Amino acid sequence: MSILSDAGPAGPAPVDAVAAPARAGAVRRLLRNPVAVVALVWLVAVAVLALLAPLLTSQSPTASKITEALAPMGGDHPLGTDGVGRDVWAQLLYGARTSLIGSLIVVAVSLLLGLPAGVLAGYRRGRFDAVASWVANLLMALPAIIVLLVVLAQFGRSTALAMAVFGVIIAPGVFRLVRSSVIAVREELYVDAARVAGLSDARIMRRHVLPVVVPPTVIQVSQLLGIAIVIQAGLEFLGLGSANQASWGGMLSDAFQNIYAQPRLLLWPALAIVLTVTAFSLLGNALRDALGVSGRVPRVRRRQRTDAPPVVAAGGEVPAAPDVPDALLVLDGLRVAYPTPEGTEREVVHGVSLTVRRGEVLGLVGESGSGKSQTAFAVLGLLPPQARTSAARMTFDGTDLRGLSPAAMNRLRGRRIGYIPQEPMSNLDPSFTIGSQLTEPMRHHLGLSKDEARTRALQLLDRVGIPDPARVFASYPHQVSGGMAQRVLIAGAVSCDPDLLIADEPTTALDVTVQAEVLDLVRELQAERQMGVVLVTHDFGVVADVCDTVAVMRDGRIVESAPAERLFADPQHEYTRMLLGSTLEDTPARGALAGAGLHPEEIAPAPLTSGGPR
Amino acid sequence: MLLFLLRRLGAGVALVWVIATLTFFLTSLTGSDPARRILGPTAGLDQVAAKSAELGLDRPVLERYWDWLTGALRGDLGTSWFTNEQIGGLIGDALPVSLSLVVAATVLTAAVSIVLGVVAAVRGGWLDGLLQGISTVAFAVPNFLVGLVLSLVFAVELGLFPALGYTAFTDDPGAWLASITLPAIALAIGAIATVATQTRGSMIDVLQQDYVRTLRSRGLPTRSVLLKHALRNAAPASLTVLSLQFIALISGAVVIEKVFGLNGLGERATSAAGQGDVPLVLGIVVVAVVVVVLVNLLVDVVLGWLNPKVRIA
């Protein structure tokens, strides 16, 4: 990449510097892909054979000699002759010409129409966009072959004409792709910046828009070439190709006539079509990989996200968590690692140990990337399937969570361990009503009838402070506010009376005014039901509001763990002091906000405001 | 939702009208003299003129268009130039054959694509790789070639299915099923490759959504998370692709009908196009577009049912 970057135009805009070497590197990446090389070799071979057809056979592909019909392979006819005595090898060579020329016509016409129209529609929008999009939709509603039949009925059999018309029919595909790419880049800030800087439209187009449009279009062209060959073969098979022109589809048609007498005739044109189209299609895929165009979903390596892999037992030297008699959750030496593309493993949680007692609220505090959410999800068994998890001890209410079967884990999740997510709106299934999402777990875990579950869900909604439970019960997630949705999720988390609640930054995504209310709600429910709580947060204000004990995490390790009051009064670790310091600077109003809550006895405002012990 | 459907219905009617009009003028204003084409090069000038008058081609084109349009609105698509049969009757005979084939292929595509797409998305590993490999090849093999091979193996060699011909459902449901099984499979292969790939992609997308993790955190059975919640959310994208594939299936059916000797719309269209029977071609275009519009309307209804944001807005 660095060697080739000089090849790019030395423009001031960042996109020039990025796009040009990316494309130059793409050719090398493409040639390093064996599939792409094989596909390219095949396509070049077909093109060369088509070009050199007159040199490779002396036979005419169209001269029929009825006396030599269905001749075997060998002699004057290396691949034999067809039903009317035409030489198969010659037909194959000249047919390649027909196929390649036809597909080039399709691509030329569709690019000629789709590319400028797409760029213009995406860049200018407005009326032209509206009209062009309407025409594109109209063309896409037409079955291609029917249109081709109309044209051929009107103008007589001509493969070239048919392919040109097919180019028009398929142009909306190019148009839509180009248009959406242009719209995407137009929204980007740097195009605005370029316009403000006074660059002309033509310059913006060349510098910023085309580099974005070209890669996806190149990929699409590769696929269009393949589709064109298939459609053309179909028309020829129907007997609607140009008369007196050898073609692969025509050969198939003849083979079809003689399918009982000589099924072998089917083989050669079929192979030619399938291999050529596959080559175009594989080349398209390889181009996509080489150009790094998104849109293709990554290959799924292993079993996907149905169940997290079981936690394995780990020995070794780990700091043992103290044995607590009424411990609800005990973690000892929890490690979470992910495989890297290089084949090694990267550990993100390095031996975390913690204990949560019944009725205790543990604050798991740290900056983003400190491994606190990974720790929480490890307990829930909801880490991505690639995650490798191990622990010396991992028990919930005496049950070993390590190696627990997915079914057994499912009996704990939701029933005895509740979970409150961070982002309320993305954590409700948009396709189902809030009521159905609340009742499904209760009916599953508690065996409630539909009516019982409904009654209970309405009570829960009322309990979490939703003014009109019946309306919210019947609503879809997009019909309620974020604060409301978070209350719904909290209701869902406690619906089956869990013993342990895991809350992953439950207030981060909410308005400041709603944050305090939601936090109070969690605290009330916790006190009411004597739940143990793991509260994941980066906010010491939240910790001060609700937590009994605090564990401070950094880089996948717990650096300090202490009762909340002691931690605020006398932080031992330098990192804790630093975090506390930054909290003081960032949120001066937090103490006042916390003071408005319902549990003044739980708040430790003194250390936050004065820094002194209470 | 009702307003939305009425708007879509209006757009559909407009589409049919635009296509019919464009096709009418394309076929009326261009090309060689139809009367001459029907009678052949040896016919005398007066014969050609008489034929033109008989077909009404000597009248102004706008007048002919108006007659045709008002006739079409009453359900009268005119008569064939070659056989003098009613176009409505010709199409009416052929439509059930083509619809049986296309609908069977669509149902097959939907069913197989959902299973393959979900399994590939959830299982991953070699199964996913296999599906992607098969998709690439299935995409590349023309469906009539699949038809030829299926016919050769299962009809000619093994004799499990009829190689040629169609039996009406009303005559013998069993024979009807046998007569469209191979054509429908051949027709569906390419569509399955496309729709299954889409289903796999949207399933993978949905499974990475936060709400799926939250549903799992509620301890719901994997079956419910995957098949009730994830599939429901993945369905709209797949259905949209399926509706586009439906149009491609109509195209494909034209060729498949020839392979299996089914006297459907495609067969009619091919011979009409070969002869230059303009009224018949025009009628077939209108019927095909009407079918597409109706299916798109049905898809809109289902999408609205699947997506509460559309339904309630």
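For clarity, every value in this text was computed on a predicted model and none was experimentally measured. Labels below follow one simple rule: chain letters A, B, ... track the order of the sequence lines, proteins then strands, and each chain is numbered from 1.
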- Message: Between B:Leu215 and A:Phe432, does the side-chain contact (heavy atoms from CB on, under 4.5 Å) criterion hold? Intermediate values first, please.
- Response: CA-CA 12 Å; B:Leu215 287 166; A:Phe432 288 84; over 6 Å; no
- Item | Under 4.5 Å from any heavy atom of chain B - which part of A:Pro477 | neither
- Look up atom OG in B:Ser217 and atom CD1 in A:Ile417, then write down how far apart they are to the nearest 0.5 Å. 10.5 Å
- The interface call for B:Ile247 against chain A, heavy-atom contacts under 4.5 Å, is both
- Message: To the closest 0.5 Å, what do you measure between CZ (B:Arg216) and CG (A:Asn410)?
- Response: 8.0 Å
- Task: Heavy-atom distances under 4.5 Å only: say whether B:Val278 touches chain A with side chain, backbone, both or neither.
- Result: side chain
- Proximity breakdown for B:Ala269 and chain A, heavy-atom pairs closer than 4.5 Å: both
- Task: For B:Val289, check side chain to side chain contact (heavy atoms under 4.5 Å, CB included) against everything at least two apart and list the hits.
- Result: A:Leu142, B:Leu15, B:Val16, B:Ile19, B:Val285, B:Val293
- Query: A:Phe256 and B:Leu148: which non-hydrogen atoms are nearest, and at how many Å?
  - Reply: CD1-CD2, 3.0 Å
- For atom CZ of A:Arg176, is the number of surrounding heavy atoms from other residues, nucleotides or ligands below 6.0 Å larger than 12? no
- Task: With sequence neighbours excluded, tell me which residues meet salt bridge (Lys or Arg N to Asp or Glu O under 4.0 Å) with B:Arg8.
- Result: B:Asp300
- Compare all side-chain heavy atoms of A:Phe237 with those of B:Leu145 and state whether any distance is below 4.5 angstrom. no
- Message: Let's test your reading of the structure: which of B:Val18, B:Val259, B:Val206 forms the most heavy-atom pairs below 4.5 Å with chain A?
- Response: B:Val259
- Tell me, for A:Met409 versus chain B, whether the close heavy atoms (under 4.5 Å) come from the side chain, the backbone, both or neither. neither
- Item | Proximal component of B:Val292, with respect to chain A [non-hydrogen, under 4.5 Å] | side chain
- Go through the atoms of A:Leu235 and report whether side chain, backbone, both or neither lie under 4.5 Å from a heavy atom of chain B. neither
- Message: What part of A:Leu240 gets within 4.5 angstrom of chain B, counting heavy atoms only: side chain, backbone, both, or neither?
- Response: side chain
- Are A:Glu440 and B:Lys228 within salt-bridge range, i.e. N to O under 4.0 Å? yes
- Message: Between B:Lys258 (side chain only) and A:Gly239 (backbone N and O only), is there a donor and an acceptor less than 3.5 Å apart?
- Response: no
- Note on the structure: Greatest number of non-hydrogen atom pairs under 4.5 angstrom with chain A, of B:Asn233, B:Val141, B:Thr270, B:Ile250, falls to B:Asn233
- Item | Side chain / backbone / both / neither for B:Leu220 at chain A, heavy atoms under 4.5 Å | both
- Query: Just how far is it from atom CD1 of A:Ile169 to atom OG of B:Ser251, taken to the nearest 0.5 Å?
  - Reply: 7.5 Å
- Query: Counting N and O atoms only, with roles assigned by atom type, does the side chain of B:Arg213 sit under 3.5 Å from a partner on the main chain of A:Leu382, one being a donor and the other an acceptor?
  - Reply: no
- Query: Do A:His444 and B:Pro221 come close enough that some side-chain heavy atom pair is under 4.5 Å?
  - Reply: yes
- Is the closest side-chain heavy-atom distance between B:Asp210 and A:Pro421 below 4.5 Å? no
- Interface residue of largest heavy-atom contact number with chain B, from A:Leu428, A:Ile146, A:Leu380, under 4.5 Å: A:Leu428
- Task: Tell me, for A:Ala255 versus chain B, whether the close heavy atoms (under 4.5 Å) come from the side chain, the backbone, both or neither.
- Result: neither
- Can you say whether B:Thr23 sits under 4.5 Å from chain A via the side chain, the backbone, both, or neither, judging by heavy atoms? side chain
- Evaluate the side-chain contact (heavy atoms from CB on, under 4.5 Å) criterion for residues A:Ser431 and B:Leu306: first the C-alpha distance (whole Å), next the side-chain angles of each, then the deciding distance (0.1 Å), finally the verdict. CA-CA 7 Å; A:Ser431 299; B:Leu306 283 172; over 6 Å; no
- Note on the structure: Looking only at heavy atoms, the pair that brings A:Pro430 and B:Tyr211 closest together is CD-CE2, 3.3 Å
- Message: How close do B:Phe144 and A:Val230 get, counting heavy atoms only, and between which atoms?
- Response: CE2-O, 4.4 Å
- Task: Check whether A:Phe377 gets within reach of chain B through its side chain, its backbone, both or neither, counting any heavy atom under 4.5 Å.
- Result: side chain
- Task: Under 4.5 Å heavy-atom distance to chain B, tell me which part of A:Leu238 shows up: side chain, backbone, both or neither.
- Result: both
- Task: Might you work through the side-chain contact (heavy atoms from CB on, under 4.5 Å) test for B:Arg218 and A:Cys496, ending with a clear yes or no?
- Result: CA-CA 9 Å; B:Arg218 302 285 186 249; A:Cys496 297; over 6 Å; no
- Message: Can you tell me which portion of A:Ser495 sits under 4.5 Å from chain B's heavy atoms? Options are side chain, backbone, both or neither.
- Response: neither
- Note on the structure: Taken to the nearest 0.5 Å, the spacing of A:Leu149 CG from B:Ile284 CD1 works out to 8.0 Å
- Message: For chain B, which candidate among A:Leu489, A:Leu412, A:Leu282 shows the most heavy-atom pairs at distances under 4.5 Å?
- Response: A:Leu489
- Could you tell me which portion of B:Leu244 (side chain, backbone, both or neither) has an atom closer than 4.5 angstrom to a non-hydrogen atom of chain A? side chain
- Heaviest contributor of heavy-atom pairs below 4.5 Å to chain B, chosen from A:Ala493, A:Gly418, A:Gly226, is A:Ala493
